[in-house]
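First up is the structure itself, then whatever we jot down about it.
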Amino acid sequence: MPERVYEHQEIEAKWQLRWDATPGLYKADEDSSRPKYYVLEMLPYPSGSLHIGHIRNYAIGDALARYKWMQGFNVLHPMGWDAFGLPAENAAIKNKRHPYEWTHANIAEMKRQHRRMGFSYDWDREVTTCEPEYYRWNQWFFLKMMERGLAYRKLANVNWCPECATVLANEQVIDGCCWRHETTRVEQKALSQWFWKTTAYADELLRDIDDKLEGGWPDRVLAMQRNWIGRSEGTEVDFTLEGTEQKIRVFTTRVDTIYGATCVILAPEHPIAQQLMDDEGKARAKELIDIRKQQDPSDVRKVGYFTGGYAINPYNGDKVPVWISNFVLMDYGTGAIMAVPAHDERDFEFATQYDLPIRSVVRAIDGGLEAIPTAPFTEYGITEIAGEFSGLTTADARRAMSAHAEKHGFGNASITYRIKDWGVSRQRYWGTPIPVIHCEDCGVVPVPLDQLPVLLPTDVKITGQGKSPLAEAEDFVNVKCPTCGKAARRETDTMDTFVDSSWYFYRYCDPKNSDAPFDSKKIAYWFPIDQYIGGVEHAILHLIYSRFFTKVMRDLGLITNDEPAARLFTQGMVIRDGAKMSKNKGNVISADETITNYGADTARVFELFAAPPERDMDWTDAGADGAYRFLGRVFRFVTRNVDRVSDGDPASDRKALRKLHQLIHRITDDFDSRWHFNTSIAGMMELVNVLYEEESKLSRAALDQILPALVLLLGPFAPFAAEEMWEVLGRTGPVFRQPWPKYDVELEKEDAADVVLQVNGKLRGRLSVPFGADQAALEQAALADPKVKPFIDGKQVVKIIVVPDKLVNIVVR
RNA sequence: GCCCGGGUGGCGAAAUCGGCAGACGCAAGGGACUUAAAAUCCCUUUUCCGGCAACGGGAGUGUGGGUUCAAGUCCCACCUCGGGCACCA
């Protein structure tokens with residue numbers, strides 16, 4: 001067969017059509033006898049098109065899925081999309097189309113783009129989270145959580161993004177700004193909102209990081225999660241408000257320093273602060289709250305006021321003033337602290353600023369107490385002037401003093417978390433309606449199960465003006481109370497779209513089920529996800545929420561796994577002109593454009609070749625040219641050698657086959673461990689270079705072994721080209737259904753060992769010797785080597801190091 | 001400030017267990033083919049010194065120390081870039 005030019009458009013169009021005719025690229029059944037492998041990419045929030053960064057995410061997962069199938073696994077690799085949140089709503093407003101209609105048009109476009117990329121796609125497992133069935137199960141979960149006290153409504157200070165015109169959960173605030181609008185500062189508003197009790201699982205979420213995720217998830221992500229959950233062990237202690245029976249409860253991790261407390265500081269919102277202060281004081285408190293709202297995170301200004309009240313330290317009966325300050329937060333700990341300026345940085349700063357007394361009660365183990373400290377002593381030491389606790393080490397004092405508080409009823413050891421409950425209410429049109437009804441007589445009434453799903457009305461006006469458009473939809477809002485039958489109002493908040501993405505991967509296992517969210521047996525087969533792949537930006541968003549959801553579902557008896565994913569891989573970002581691709585910066589490269597210019601195969605190969613997948617990479621068109629050239633080289637070699645008759649030269653055959661088997665070994669290892677696909681592809685390039693060198697001297701028999709193996713190795717990375725070449729080779733069936741090639745350890749062996757000769761660690765020569773050569777013989781050969789001799793002549797040989805088959809190092813003086 | 005990662009040619013990078021630094025590719029330069037161009041194929045390309053050349057020698061993986069026969073790799077200190085957290089009591 002004559003050489004063919006590599007026409008990527010033609011080839012990709014041809015094989016895309018074939019795949020269309022065969023729905024379900026992966027026929028993955030739960031009762032398969034193969035071992036299972038569930039690989040999944042984190043879904044981006046596509047607002048119309050894939051860009052080159054998305055391709056990278058999918059290319060990694062798709063290559064792995066194809067490899068695993070070829071290795072004999074029963075692979076579940078669904079591809080889809082989940083929550084269409086604000087982008088859909090915004091686009092709908094702009095295009096004057098109903099979001100539902102817009103979303104479905106968008107999904108059709110996404111499908112087309114996925115097909116063009118040749119991503120394996122299980123058409124039977126399509127899940128779109130805007131569908132009524134998905135709403136039903138979201139709502140069903142919501143009600144289950146209410147039953148268990150995990151969903152509740154309360155008036156709270158919540159984050160408000162003016163751009164989105166909705167509230168946000170804490171996890172969705174990044175550097176004081178909205179996660180979707182990097183330059184829009186989030187405001188605080190007091191609103192009545194629905195929350196999910198993530199704090200109820202704080203301890204388990206933290207513990208399982210060590211017990212279940214360590215080793216399988218990147219340390220970076222685990223560190224971020226630990227940080228976010230923020231467990232701290234300490235003590236709660238009641239100070240008595242002077243002249244009353246009222247207690248001010250403070251939380252401290254350093255109860256051992258309490259004899260040095262010279263002040264109690266309350267958050268400005270603290271009820272006791274409010275009660276102590278007159279109108280002027282309240283105005284000041286409000287001022288403090290405002291300072292905090294507007295405060296730049298890097299601004300560390302502390303402002304405080306004396307409330308006029310005094311509190312009694314229960315350990316020593318000291319009377320200390322009660323202050324308020326902006327640096328004490330109402331929603332962490334108890335909203336009140338004891339200030340120990342001598343042993344805490346912040347308290348020291350505050351005390352210095354307002355001339356409060358500073359009293360040392362902890363000394364360094366080998367030092368004395370500082371009478372007038374110039375800086376706080378915050379290290380481990382010995383507690384002094386603390387009555388019966390004097391002389392104890394920091395750790396012992398903490399234990400003894402916590403026990404003392406508990407025994408005398410004025411406190412106890414306590415654990416505080418930084419993580420807060422997940423605010424799930426959104427004032428958006430788009431999202432699952434929260435399934436409750438507000439009745440004047442009966443209060444908050446759950447919608448009965450047989451009335452689910454509560455669906456979005458289709459005739460609302462979408463304004464994007466900060467109030468849920470649902471509130472204006474009279475037919476939707478005005479309902480009868482399910483309990484008493486009186487006129488009542490439907491809840492108009494919708495759920496955070498992160499709710500949808502928290503369990504979509506369960507629904508993928510059983511997407512058409514209308515009796516239950518899923519069949520638990522199917523989940524038991526597929527879960528946990530063997531490999532989850534996505535960007536690090538979801539480390540404390542999606543990846544906390546979905547862990548929480550998994551634990552709740554386990555406690556509801558629906559599943560048995562404790563964690564959603566056994567292994568997580570975070571791929572690097574695709575950078576363009578030194579910045580992450582984003583619409584705002586206008587540096588987005590559309591996948592469609594790239595596929596048209598270079599082809600899907602080239603886009604994938606280049607993205608995997610340019611850098612190891614965990615590292616950020618720059619997209620440059622120049623680099624893509626190289627990947628394209630490589631595919632062309634392979635293609636031409638295969639097409640012109642498919643039926644060429646040749647006797648060949650045994651030496652060339654041996655060289656090429658050795659390279660081939662080394663390559664199979666290398667790529668197999670890369671897939672099984674490091675995923676350094678850049679070196680896998682580099683290896684294929686090396687093989688192709690050898691094939692070009694030896695081409696005229698390769699025998700038919702060698703070619704018959706090399707060509708199909710090369711095509712199979714290329715399959716996971718460049719599926720279209722591989723498919724076409726497979727056909728050229730006269731083979732049938734999709735490439736990814738072939739068994740993965742095996743390497744032969746005999747064939748990959750070099751003929752002789754290349755032994756490096758060093759003198760004092762410097763390379764001076766090399767020897768080619770048979771494998772397993774005798775040490776003494778190697779030493780002799782090295783000493784006699786003409787390149788080595790000049791460097792040892794006239795010097796004393798002190799020592800000779802021999803690493804068999806590798807190296808001889810002669811140490812001379 | 002605390003916690004994670006990084007720092008290797010003009011560029012992206014490789015070196016998997018302490019054993020030949022720079023594989024593979026990009027860009028650049030040269031050559032072949034061609035009326036010409038594109039495409040393709042081949043060669044050179046860390047740097048400095050010596051040489052017409054083959055070649056020979058020195059230096060070299062952010063900086064300074066250390067361990068070792070041997071360090072990009074291990075240890076200590078520092079510089080620097082990126083990311084995360086940050087009045088969390």
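Numbers restart at 1 for each chain; the letters A, B, ... are given by sequence-line order, proteins then strands.
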Between [N] atom [atom2] and [X] atom [atom1], what is the distance in whole Å?
| X | N | atom1 | atom2 | result |
| --- | --- | --- | --- | --- |
| Leu329(A) | A86(B) | CG | P | 11 Å |
| Lys806(A) | G19(B) | NZ | P | 6 Å |
| Arg615(A) | U8(B) | CZ | C1' | 10 Å |
| Asn326(A) | C87(B) | CG | C1' | 8 Å |
| Arg674(A) | A13(B) | CZ | C1' | 13 Å |
| Asp625(A) | C24(B) | CG | C1' | 16 Å |
| Phe609(A) | C11(B) | CZ | P | 17 Å |
| Asp670(A) | A15(B) | CG | C1' | 13 Å |

Per nearest nucleotide of RNA chain B, the residue lying toward the 5' end, Trp228(A) or Val756(A), is Val756(A)
Note: for Asp347(A) and Arg666(A) on RNA chain B, the residue whose nearest nucleotide lies more 5' is Arg666(A)
Is there a side-chain polar atom (N or O) of Ser232(A) under 4.0 Å from OP1 or OP2 of A89(B)? yes
### Query
Would you say Arg418(A) reaches A86(B)'s phosphate, i.e. side-chain N/O to OP1/OP2 under 4.0 Å?
yes
Examine the side chains of [X] and [Y] and answer whether a donor and an acceptor come within less than 3.5 Å of each other.
| X | Y | value |
| --- | --- | --- |
| Tyr259(A) | Ser360(A) | no |
| Arg633(A) | Asn689(A) | yes |
| Asp421(A) | Thr199(A) | yes |

[atom1] atoms of [N] and [M], separation to the nearest Å:
| N | M | atom1 | result |
| --- | --- | --- | --- |
| C52(B) | U67(B) | P | 44 Å |
| C2(B) | C87(B) | C1' | 14 Å |
| U73(B) | U8(B) | C1' | 12 Å |
| G72(B) | C49(B) | P | 24 Å |
| C74(B) | G82(B) | C1' | 25 Å |
| U47(B) | A21(B) | C1' | 14 Å |
| G22(B) | U45(B) | C1' | 12 Å |
| G19(B) | A70(B) | P | 14 Å |

Identity of whatever pairs with [N] - Watson-Crick or G-U, under 3.5 angstrom:
| N | answer |
| --- | --- |
| G9(B) | none |
| A23(B) | none |
| G82(B) | C4(B) |
| A77(B) | U63(B) |
| A28(B) | U44(B) |
| G56(B) | C49(B) |
| G18(B) | none |

With syn defined as a glycosidic angle within 90 degrees of 0 and anti as anything else, the base of C17(B) is syn
G9(B) glycosidic conformation (syn if within 90° of 0, otherwise anti) is syn
Value for OH (Tyr354(A)) from CD1 (Ile265(A)), rounded to nearest 0.5 Å, stands at 10.0 Å
Value for CG (Leu64(A)) from CZ (Phe677(A)), rounded to nearest 0.5 Å, stands at 6.0 Å
Assess whether a salt bridge exists between Arg231(A) and Glu233(A), defined as any Lys/Arg side-chain N lying under 4.0 Å from an Asp/Glu carboxylate O. yes
* **Asp347(A) with Arg254(A): basic N within carboxylate O range, under 4.0 Å** => no
Against the side chain of Thr252(A), the closest entry in A86(B), A89(B), C3(B) is A89(B)
With the side chain defined as heavy atoms from C-beta on, Ala223(A) is closest, among U16(B), C3(B), G57(B), to C3(B)
Could you check whether [X] gets within reach of a base, just the sugar-phosphate, or nothing at all, counting any heavy atom under 4.0 Å?
| X | value |
| --- | --- |
| Gly626(A) | sugar-phosphate |
| Lys420(A) | nothing |
| Pro612(A) | sugar-phosphate |
| Arg764(A) | sugar-phosphate |
| Val798(A) | nothing |
| Phe791(A) | sugar-phosphate |

Would you please indicate if the ring centroids of [X] and [Y] are separated by under 6.0 Å?
| X | Y | result |
| --- | --- | --- |
| Phe239(A) | Phe410(A) | no |
| His8(A) | Tyr628(A) | yes |
| Phe606(A) | Tyr598(A) | no |

The single option from Arg666(A), Arg658(A), Lys655(A) that satisfies salt bridge (Lys or Arg N to Asp or Glu O under 4.0 Å) with Glu686(A) is Arg666(A)
Sorted by number, residues from residues 676-686 of chain A placing a heavy atom under 4.0 Å from RNA chain B are Asn678(A), Thr679(A), Ala682(A), Met685(A), Glu686(A)
Fill in: Aromatic plane relationship, Trp675(A) with Phe569(A) - under 30° parallel, 30 to 60° tilted, over 60° perpendicular
tilted
Which class fits the ring pair Phe717(A) and Phe671(A): parallel under 30°, tilted 30 to 60°, perpendicular over 60°?
parallel
query = Can any side-chain N or O of Tyr6(A) pair as donor or acceptor with the backbone N or O of Arg629(A) at less than 3.5 Å?
reply = no
Report yes or no: does Arg547(A) contribute a side-chain atom to a donor-acceptor pair with the main-chain N or O of Leu205(A) at less than 3.5 Å?
-> yes
Restricting both atoms to N or O, compile the protein contacts to nucleotides 37-43 of chain B shorter than 3.5 Å, with distance only.
from   : atom 1 : to        : atom 2 : distance (Å)
U40(B) : O3'    : Arg636(A) : NH2    : 3.2
C41(B) : OP1    : Arg633(A) : NH1    : 2.8
C41(B) : OP1    : Arg636(A) : NH2    : 3.2

Tabulate protein N/O versus nucleotide N/O from nucleotides 68-72 of chain B, keeping only pairs under 3.5 Å, one per line.
from   : atom 1 : to        : atom 2 : distance (Å)
C69(B) : OP1    : Lys799(A) : NZ     : 3.3
C69(B) : O2'    : Asn809(A) : ND2    : 3.2
C69(B) : O2     : Asn809(A) : ND2    : 2.6

